Amino acid sequence: MEETATNEKLNFIIKLKSKSLEVIFDAVPDGLLLVDEKLVVCRVNEAIRKRTGKEYKEIINSSICDALQCRIAATEKGFDDSICGKCILRNNILNVLKTAKAVEELEFESKTLFNCKDNKLWFALTLKPVVVDERKYAVVCLNDISVKKCAEEKVAESMQMKQQFISTVSHELRTPLTAIREGLNIVLEGVAGKLKDKQREFLQLSKRNVDRLSALINDVLDFQKLESGRMTFNFESSNIADTINEAADTMKLIAKKHNIELEVEIESTIGTAIFDHNKMIQVLTNLLSNAIKFTPENGKVQLCARLINDAISITISDNGMGIPKEDLSKIFERFYRVQRPGKEICGTGLGLPIVAQIINRHNGVISVESELNKGTTFIISMPIKGPQDTLDSGRDEILEKTLN
Ligand code: ADP
């Protein structure tokens, strides 16, 4: 008597537990299914029932392909090896059942699920292996992310269009600008007749503005190429001291014009490294030009290069106006320029993002330290071996030469 009462109680508790599990299963907004080793559906939640418009009993005991209204499964053949063999959903469920390893938020595109024909659907798939009564099952969680994907695609498309537009406009502007600059140079040289002082003054002003515009266009084009990975790099084993001296020599003339001392110190142990010579010239010229630009007359700019372990360390420091603390983390962002009181110092705000991208392609890092009204130091550190992945077949030979 007592035993029967206990059994009834137990049965009641089990029923209640299973009912509440069902309620929880149904309350989940994502599609949930429980499938066995033969990919037969043993449980299905309301989200899937709503989406397919089918009753519970119509789905239970059917294959997952039928349950999710796969277009291929609905054809007479039922299973098309060439398509079903590549089915991401099917293959992942089978794999989870075999390996008992879960799959988290795997995004995939489907042209066949839920009877879709023309439009494609995107899903995020999560799979968990479970064992009930020593039988293996997979819990399939299917989240329709088509709206999010569609929005992402549109953003990517418009970004590409924007980039294409900027790139086309920049290219189209570059040619006439070169012609204007040439024309101005010819007139300024007096080839077209002697110029009055006032005329020369105006033409020089025009030339400075044309130069600024060309610098901006070149920066925009460079930055776009770097960002999209279209910029080609020519990594070669070269003498780093020669490259540094070449950049510094050009900048010394400009520093002198501004009464700024440019001091260069290169450790003698520094030898060859693998890097792109022209791009490094661009990096150094950019940092030196900034150091000169943001340092008042009679200031000092120092460039030091040394070897620290297997990395080249280059520091470019000045005792100029410095960068406010709150701006330090933003100066490598595109078009970011520090707002300074007084006379505007020209620039595009693209110099440092370009420098950072180039250093990044060399597998290096760039950082900055600064104190307002005291000065700024940019520190570059990059491996002498260069970026390993971009080296070609001659890599070992180059490396050997570099390291010896
Ligand atoms: P810009 O064309 O304005 O020089 P950059 O990207 O090269 O653009 O630099 C971004 C900003 O970082 C500059 O506008 C400037 O305010 C600040 N900056 C860069 N280098 C220095 C420096 N050596 N000293 C002080 N400020 C600097």
Side-chain angles (χ1 to χ4, degrees), residues 166 170 173 177 208-227 231 244 247-248 250-265 278-305 313-362 364-381:
I166 294 173
S170 308
L173 280 174
L177 263 182
R208 275 202 297 278
N209 281 308
V210 168
D211 286 342
R212 271 176 67 178
L213 203 52
S214 332
L216 171 66
I217 288 168
N218 286 338
D219 277 359
V220 169
L221 287 173
D222 272 359
F223 184 71
Q224 278 209 320
K225 268 194 189 168
L226 280 162
E227 246 205 343
M231 177 76 87
I244 292 173
T250 321
M251 296 314 293
K252 266 180 187 159
L253 300 172
I254 298 169
K256 205 173 167 195
K257 248 181 166 178
H258 292 84
N259 266 334
I260 289 170
E261 185 190 346
L262 172 54
E263 192 182 274
V264 180
E265 198 187 306
N278 288 337
K279 300 284 186 307
M280 272 316 283
I281 293 273
Q282 191 175 354
V283 164
L284 297 170
T285 311
N286 220 310
L287 294 176
L288 286 172
S289 133
N290 272 351
I292 295 166
K293 201 162 72 172
F294 296 104
T295 300
E297 282 211 359
N298 304 317
K300 188 170 175 180
V301 173
Q302 277 176 302
L303 189 160
C304 299
S313 167
I314 303 173
T315 55
I316 291 171
S317 35
D318 62 65
N319 59 358
M321 51 184 76
I323 301 168
K325 249 199 188 114
E326 61 273 22
D327 293 296
L328 268 182
S329 60
K330 300 181 195 143
I331 55 166
F332 291 101
E333 289 171 15
R334 66 185 96 165
F335 298 115
Y336 193 84
R337 308 201 64 227
V338 179
Q339 299 299 320
R340 298 180 193 270
K343 196 179 153 219
E344 207 211 327
I345 301 170
C346 65
T348 62
L350 277 175
L352 288 179
I354 290 174
V355 163
Q357 293 257 17
I358 295 177
I359 296 300
N360 186 285
R361 282 293 303 272
H362 283 80
V365 283
I366 178 161
S367 57
V368 59
E369 289 164 9
S370 187
E371 208 176 321
L372 202 57
N373 302 322
K374 290 247 166 83
T376 305
T377 302
F378 283 91
I379 307 135
I380 295 172
S381 173

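This one's a predicted model, so the numbers in the text were calculated from it and none came from an experiment. Remember, it's 1-based here, ligands and their atoms both numbered in the order they're listed. Numbering of residues begins at 1 and proceeds along the displayed sequence.
- In terms of protein heavy-atom proximity, atom 26 (N) of ligand 1 is closest to Arg340 NH2, 2.9 Å.
- Taking every heavy atom of Gly322 and a limit of under 4.0 angstrom, the matching atoms of ligand 1 come to 25 (C).
- Set against the non-hydrogen atoms of Gly351, the atoms of ligand 1 under 4.0 Å away are 5 (P), 6 (O), 7 (O).
- Of all atoms in ligand 1, listed by their number and element, those nearer than 4.0 Å to a heavy atom of Ile331 are 12 (O).
- Taking each of Asp219, Leu287, Leu352 in turn, the one with a heavy atom nearest to atom 6 (O) of ligand 1 proves to be Leu352.
- Atoms NZ and CD1, on Lys279 and Ile354 in that order, are 11.0 Å from each other to the nearest 0.5 Å.
- Atoms of ligand 1 found under 4.0 Å from any heavy atom of Lys293 (numbered from 1 in listed order, with element): 1 (P), 2 (O), 4 (O).
- Between Pro353 and ligand 1, no pair of N/O atoms sits closer than 3.5 Å.
- Atom-to-atom distance recorded for Gln302:CD and Glu261:CD is 8.0 Å, nearest 0.5 angstrom.
- Taking 4.5 Å as the limit, every side-chain heavy atom of Thr315 sits out of range of all side-chain heavy atoms of Phe378.
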* Report the C-alpha separation of Thr285 and Thr250 in whole Å, then their side-chain angles, then the decisive distance to 0.1 Å, and conclude whether the side-chain contact (heavy atoms from CB on, under 4.5 Å) test is met. => CA-CA 8 Å; Thr285 311; Thr250 321; 5.9 Å; no
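- Looking at heavy atoms from C-beta onward, Leu352 lies in side-chain contact with Asn290 at the 4.5 angstrom threshold.
- Residue Ala291 has at least one heavy-atom neighbour below 4.0 Å for each of these atoms of ligand 1: 23 (N).
- Judged by the shortest distance from any of its heavy atoms, Phe332 lies outside the 4.0 Å radius around the atoms of ligand 1.
- Considering Leu287, Leu303, Ile260, Ile292 as possible partners of Met251, the one that fulfils the side chain to side chain contact (heavy atoms under 4.5 Å, CB included) test is Ile292.
- Note that the CZ atom of Arg361 and the CG atom of Leu226 stand 8.0 Å from one another [nearest 0.5 Å].
- Nearest to atom 2 (O) of ligand 1 among the protein's heavy atoms is Thr348 N, 2.7 Å.
- In this structure, the side chains of Glu227 and Arg334 come closer than 4.5 Å at one or more pairs of heavy atoms.
- Gly320 does not count as a contact of ligand 1, since none of its heavy atoms falls under 4.0 Å from the ligand.
- Between Asn286 and ligand 1, no pair of N/O atoms sits closer than 3.5 Å.
- The protein heavy atom nearest to atom 3 (O) of ligand 1 is Arg337 NE, 2.6 Å.
- Nearest to atom 23 (N) of ligand 1 among the protein's heavy atoms is Asp318 OD2, 3.0 Å.
- Going from atom CG of Leu173 over to atom CG of Leu213 covers 6.5 Å, rounded to the nearest 0.5 Å.
- In Glu297, the CD atom is crowded: over 12 heavy atoms of neighbouring residues, nucleotides or ligands sit closer than 6.0 Å.
- How far CD1 of Ile314 is from CD1 of Ile359: 7.0 Å, rounded to the nearest 0.5 Å.
- The neighbour count for Lys225 NZ, taken as heavy atoms of other residues, nucleotides or ligands under 6.0 Å away, does not exceed 12.
- The shortest contact between atom 13 (C) of ligand 1 and any protein heavy atom is with Phe294 CZ, 3.6 Å.
- Protein heavy atom nearest atom 19 (C) of ligand 1, with residue, atom name and distance: Asn290 ND2, 3.5 Å.
- Atom 10 (C) of ligand 1 has its closest protein heavy atom at Tyr336 O, 3.4 Å.
- Looking only at heavy atoms of the protein, atom 1 (P) of ligand 1 is closest to Gly349 N, 3.5 Å.
- Proximity of Ile323 to ligand 1, defined as any heavy-atom pair under 4.0 Å, is confined to the side chain (atoms from C-beta onward).
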